[in-house]
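Encoded as structure tokens, here's the structure I'll be asking about.
Naming convention: chains lettered A, B, ... in sequence-line order (proteins, then strands); numbering from 1 in each chain.
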Protein chains: 2
Amino acid sequence: MEKINIRKLASILNISVATISKAMRDSHEISDATKKRVWDAARKYNYTPNPYASSLRRKKSKTIAVILPEVADNFFSLAINGIQAVAEAKGYHVLIYLTHESFELERTFVEDCCSGRVDGLLISITSETQTPDHIAKLQKENIPIVFFDREFEQITAPKVVTNDYDCGYQSAKLLVQRGCKNIRFLSISESLPICTKRAQGFLDAMAETVKNFGEEEAIYYCNGNNEQTRDHITKLLLSRPKVDGIVASVERLAIQVYLACQELKIKIPRNLRVIAFSTVETAPILNPSLSTVTQPAFDIGKSAAEILFTLMAGKDYGYHKKPVMIPSQIIERDSTK
Amino acid sequence: MEKINIRKLASILNISVATISKAMRDSHEISDATKKRVWDAARKYNYTPNPYASSLRRKKSKTIAVILPEVADNFFSLAINGIQAVAEAKGYHVLIYLTHESFELERTFVEDCCSGRVDGLLISITSETQTPDHIAKLQKENIPIVFFDREFEQITAPKVVTNDYDCGYQSAKLLVQRGCKNIRFLSISESLPICTKRAQGFLDAMAETVKNFGEEEAIYYCNGNNEQTRDHITKLLLSRPKVDGIVASVERLAIQVYLACQELKIKIPRNLRVIAFSTVETAPILNPSLSTVTQPAFDIGKSAAEILFTLMAGKDYGYHKKPVMIPSQIIERDSTK
DNA sequence: ATGAAAGCGCTAACAC
DNA sequence: GTGTTAGCGCTTTCAT
């Protein structure tokens with residue numbers, strides 16, 4: 001059996017290709033009887049319109065791309081769930097690209113999205129991203145783009161974020177209130193807004209609360225893979241005067257803090273209080289249970305996708321004017337008690 | 001500035017479209033000087049060949065699909081990382097479809113992969129999947145397919161799995177050795193080979209070790225969402241005679257067991273020993289640390305993708321004859337001590 | 001080394 | 001309500 005296509009099906013049914021095409025898309029121009037004939041034959045001969053021929057002709061791909069740092073992180077997993085839920089409802093396909101924090105890869109992937117491969121793009125940038133050119137290029141091609149969580153400040157585009165500053169602020173306040181004297185904010189980037197904003201909230205709270213607060217040491221940067229990060233954190237925990245409070249700006253760091261403490265036999269919360277921006281499911285059953293700034297990851301993904309679809313529909317509700325903010329929730333557990 | 005395409009670029013450069021096409025793909029037919037002219041112009045005018053026009057003409061999409069139950073599960077996240085690593089190296093694009101254990105969705109997604117949308121498919125089936133017709137259809141279209149982890153027994157195709165039977169067997173032995181008298185195997189499906197094989201290994205070990213072992217009660221099925229699962233597990237933990245050992249066949253169940261125990265104030269491992277098939281990163285820092293059958297998730301994904309690419313290259317190394325098996329590692333931690 | 005032209009499978013404008 | 005046909009942007013013979 002040869003590969004079926006619209007022309008073969010047309011000749012089998014003695015109908016024109018135009019009629020088939022319209023019937024397949026359930027056009028009102030076609031009679032119900034003909035539609036039924038076409039659908040039945042399509043099923044019988046296993047005919048599905050070639051999506052790329054269709055994309056070429058209609059200049060729509062029915063596909064969106066999601067570019068993000070990684071998937072093995074509960075925040076991003078949940079965000080993908082949200083995105084997928086919307087895409088699926090719209091009959092759209094989702095291309096996933098993982099940058100693993102490499103700017104080079106991010107640029108390559110963004111460029112891959114040009115020339116009609118996708119109708120829209122959702123992106124959470126890498127911790128390395130400093131230049132906006134690759135994104136600007138995409139915008140010049142009129143491909144809608146929506147940032148979620150990790151946005152890029154210099155670019156004007158719709159963005160879906162959480163209340164990073166506030167949460168940084170409240171995290172610091174909580175630790176101070178619990179008696180911490182020497183607190184560090186663990187960051188993964190000097191440029192990512194999620195980090196700088198959370199850090200700024202943290203710093204402002206500290207400056208308000210602690211006299212002679214020394215900003216310069218309060219932010220501790222952790223780059224590299226998990227092992228490097230753990231070593232780096234171990235160094236911090238061994239330094240004097242003893243650090244007694246930590247705000248982890250992302251999930252990954254919190255886990256490394258716990259592992260380092262386990263090795264060093266540092267008791268949480270007795271010797272060290274920890275709170276983390278995290279959606280990790282196991283937070284309540286960790287040893288000890290982890291206080292978290294729980295981000296609405298699913299809703300951030302969902303909302304970003306919904307905005308992207310309105311943009312792709314050619315509508316503009318002014319989303320680019322101001323980031324959409326979905327608040328996080330601070331859940332205190334044993335790690336800060 | 002109008003949308004660029006090969007014809008416009010050709011007329012700008014006073015070169016034929018054929019030459020442009022060949023130059024863009026670095027054909028040996030084209031002189032270096034011409035190639036350089038073309039590449040420079042392509043950069044200057046932001047020209048990228050339309051991928052769908054190319055796909056239509058060449059009948060290759062440079063895209064693979066991954067269909068899996070969910071992404072918010074460390075096993076699948078890691079598998080996706082492995083898959084993506086291979087795809088990226090080959091310059092391929094990855095479409096992701098999440099079934100959330102719905103067979104209907106799985107069928108829809110598989111059908112979406114027909115008609116040249118993808119060059120190949122990686123799939124981990126839902127716990128509901130019982131009929132192979134949707135997959136068979138794809139095979140009839142000669143689209144290569146590779147199963148990873150959750151395979152479908154009735155279909156002949158390459159499969160990448162782990163040593164499920166052995167690990168089920170050893171898990172049971174471990175719990176017996178640690179003194180458990182009343183052990184349950186928590187399963188999510190009566191048909192999924194990963195469950196039935198793990199269960200069979202478990203049952204065989206139990207039958208060997210325990211006199212008058214009652215098979216009928218030993219497997220406990222958990223379906224539904226997390227809350228339903230937790231309620232169901234709570235019921236089990238409250239029943240008499242007291243269950244004192246649990247093998248969780250998937251990660252998700254282990255977390256629910258911990259949460260149920262927390263609520264019921266059941267002490268692990270004193271009152272209940274737990275071991276789980278899981279790759280969860282937080283296993284060592286749970287309260288108590290969780291003994292796991294740690295699956296080589298990244299390698300399973302990577303290996304499945306590699307096999308898919310050999311198939312798409314038209315090679316056949318007989319992978320379909322026998323599943324590729326990558327062994328898991330049992331790591332005992334405090335939850336079974 | 002370069003170019004002309006056919007055609008991948010589909011859609012949409014237009015004719016009937 | 002159905003059919004004819006041009007052409008989406010590219011690749012690939014086949015000529016030159």
Side-chain angles (χ1 to χ4, degrees), chain A residues 2-39 41-42 45-63 112-119 141-143, chain B residues 2-39 41-42 45-63 112-119 141-143:
Chain A
E2 274 302 286
K3 201 122 187 67
I4 189 83
N5 63 26
I6 198 172
R7 201 150 42 225
K8 280 179 200 150
L9 198 66
S11 78
I12 289 170
L13 292 182
N14 257 312
I15 286 184
S16 77
V17 292
T19 304
I20 304 258
S21 176
K22 287 172 188 159
M24 287 302 289
R25 329 189 115 262
D26 202 8
S27 158
H28 56 266
E29 292 183 56
I30 305 297
S31 73
D32 287 352
T34 309
K35 277 183 195 168
K36 190 170 174 342
R37 272 190 74 207
V38 172
W39 293 340
Y45 295 101
N46 246 321
Y47 170 69
T48 322
N50 179 307
Y52 298 137
S54 174
S55 291
L56 177 59
R57 183 60 229 247
R58 312 184 77 198
K59 296 176 179 295
K60 304 244 303 136
S61 65
K62 278 260 184 188
T63 304
D112 277 346
C113 292
C114 296
S115 293
R117 186 182 293 281
V118 302
D119 297 341
E141 302 227 355
N142 283 317
I143 297 171
Chain B
E2 273 301 286
K3 203 125 185 66
I4 188 82
N5 63 27
I6 198 170
R7 202 152 39 226
K8 281 179 201 152
L9 198 65
S11 77
I12 289 171
L13 292 182
N14 256 311
I15 285 184
S16 77
V17 293
T19 304
I20 304 256
S21 176
K22 287 171 188 161
M24 287 302 289
R25 326 191 118 259
D26 202 8
S27 158
H28 56 267
E29 291 182 61
I30 304 297
S31 72
D32 287 352
T34 308
K35 277 183 195 168
K36 189 168 175 343
R37 273 189 74 206
V38 171
W39 292 341
Y45 294 101
N46 247 324
Y47 170 69
T48 322
N50 179 306
Y52 297 139
S54 174
S55 290
L56 177 58
R57 183 60 231 247
R58 312 184 79 198
K59 296 178 179 295
K60 304 249 297 137
S61 65
K62 277 257 181 190
T63 303
D112 277 347
C113 292
C114 296
S115 293
R117 186 183 291 281
V118 302
D119 297 341
E141 302 226 355
N142 282 317
I143 296 171

Margin query: Using the salt bridge (Lys or Arg N to Asp or Glu O under 4.0 Å) criterion, which residues pair with A/Asp32? Sequence neighbours excluded.
Written below: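 Salt bridge (Lys or Arg N to Asp or Glu O under 4.0 Å) list for A/Asp32, sorted by chain: empty.
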Note to self: Give me the atom names and distance for the closest heavy-atom approach of B/Ile30 to B/Ala23.
What the structure shows: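 Result for this residue pair: CG1-N, 3.9 Å.
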Notebook entry, point to check: Hey, does A/Ile15 have a side-chain heavy atom less than 4.5 Å from the side chain of A/Arg37?
Noted result: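 They are in contact (side-chain heavy atoms under 4.5 Å apart), so the answer is yes.
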Item checked: Which residues share a side-chain hydrogen bond (donor to acceptor under 3.5 Å, both in side chains) with B/Ser16, sequence neighbours left out ->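 side-chain hydrogen bond (donor to acceptor under 3.5 Å, both in side chains) list for B/Ser16, sorted by chain: B/Thr19.
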Next item on the list: Check side-chain hydrogen bond (donor to acceptor under 3.5 Å, both in side chains) between B/Ser21 and all other residues, then give those that pass, not counting sequence neighbours.
Entry: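 B/Ser21 satisfies side-chain hydrogen bond (donor to acceptor under 3.5 Å, both in side chains) with no other residue.
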Next item on the list: Would you mind reading off the bend of the helix from C/dA1-D/dT16 to C/dC16-D/dG1 from its two end axes, five pairs each, to 10 degrees?
Entry: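 The helix from C/dA1-D/dT16 to C/dC16-D/dG1 shows an end-to-end axis angle of 30°.
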Next item on the list: Would you mind reporting whether B/Lys8 and B/Tyr45 have side-chain heavy atoms less than 4.5 Å apart?
Entry: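 When only atoms from C-beta onward are counted, B/Lys8 and B/Tyr45 do not touch, as no gap falls below 4.5 Å.
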Next item on the list: Using a cut-off of strictly less than 4.0 Å between a heavy atom of the residue and any atom of DNA chain D, enumerate the qualifying residues of residues 49-61 of chain A by number.
Entry: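 Nucleic-acid contacts, sorted: A/Leu56, A/Arg57, A/Lys59.
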Next item on the list: Could you list the residues that satisfy side-chain contact (heavy atoms from CB on, under 4.5 Å) with A/Thr48, not counting sequence neighbours?
Entry: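 Partners of A/Thr48 under the side-chain contact (heavy atoms from CB on, under 4.5 Å) test: B/Cys114, B/Ser115.
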Check: Just by distance, do the side chain of B/Trp39 and the backbone of B/Asp26 share a donor-acceptor pair under 3.5 Å?
Finding: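 Not a single qualifying donor-acceptor pair exists.
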Margin query: According to side-chain hydrogen bond (donor to acceptor under 3.5 Å, both in side chains), who are the partners of B/Asn5, at least two apart in sequence or on a separate chain?
Written below: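 Residues passing side-chain hydrogen bond (donor to acceptor under 3.5 Å, both in side chains) with B/Asn5: none at all.
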Margin query: Working to the nearest 0.5 angstrom, can you tell me the gap between B/Asn46 CG and B/Leu9 CG?
Written below: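 So the CG of B/Asn46 and the CG of B/Leu9 are separated by 11.0 Å.
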Margin query: Are the side chains of B/Lys3 and A/Glu141 in contact, using a 4.5 Å heavy-atom criterion?
Written below: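 A/Glu141 vs B/Lys3: side chains touch.
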Check: What residues in residues 21-37 of chain A put a non-hydrogen atom under 4.0 Å from any atom of DNA chain C?
Finding: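 When residues 21-37 of chain A is checked for heavy atoms under 4.0 Å from DNA chain C, the hits, listed by number, are A/Ser21, A/Lys22, A/Arg25.
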Next item on the list: Please list, in 5' to 3' order, the outermost nucleotides of DNA chain C lying under 4.0 Å from any heavy atom of chain B.
Entry: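 Listed 5' to 3', the contact boundaries are C/dA1 to C/dG9.
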Considering only distance and modelled atom types, tabulate donor-acceptor pairs under 3.5 Å from the side chains of residues 52-59 of chain B, sequence neighbours left out.
from    : atom 1 : to       : atom 2 : distance (Å)
B/Tyr52 : OH     : A/Arg117 : O      : 2.4
B/Ser55 : OG     : B/Pro51  : O      : 3.0
B/Ser55 : OG     : B/Lys60  : O      : 3.1

Note to self: As an exercise, state the distance from OG1 of A/Thr63 to CG of A/Asp119, rounded to the nearest 0.5 Å.
What the structure shows: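 Those atoms lie 6.5 Å apart.
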Next item on the list: For A/Ser31, enumerate each residue passing the side-chain hydrogen bond (donor to acceptor under 3.5 Å, both in side chains) test, keeping only those at least two apart in sequence or located in another chain.
Entry: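 So A/Ser31 forms a side-chain hydrogen bond (donor to acceptor under 3.5 Å, both in side chains) with A/Thr34.
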Check: Between B/Asn14 and A/Arg7, which has a closest nucleotide on DNA chain C that is more 5'?
Finding: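 It is B/Asn14, whose closest nucleotide lies nearer the 5' terminus.
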Next item on the list: On DNA chain D, reading 5' to 3', which nucleotide is the first and which the last to sit with an atom under 4.0 Å from a heavy atom of chain A, could you check?
Entry: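 Using the under 4.0 Å cut-off, the span is D/dG1 to D/dG9.
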Item checked: For A/Tyr47 against A/Ile4, the heavy-atom pair lying closest together ->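 Nearest heavy atoms, A/Tyr47 then A/Ile4: CA-CG2, 3.9 Å.
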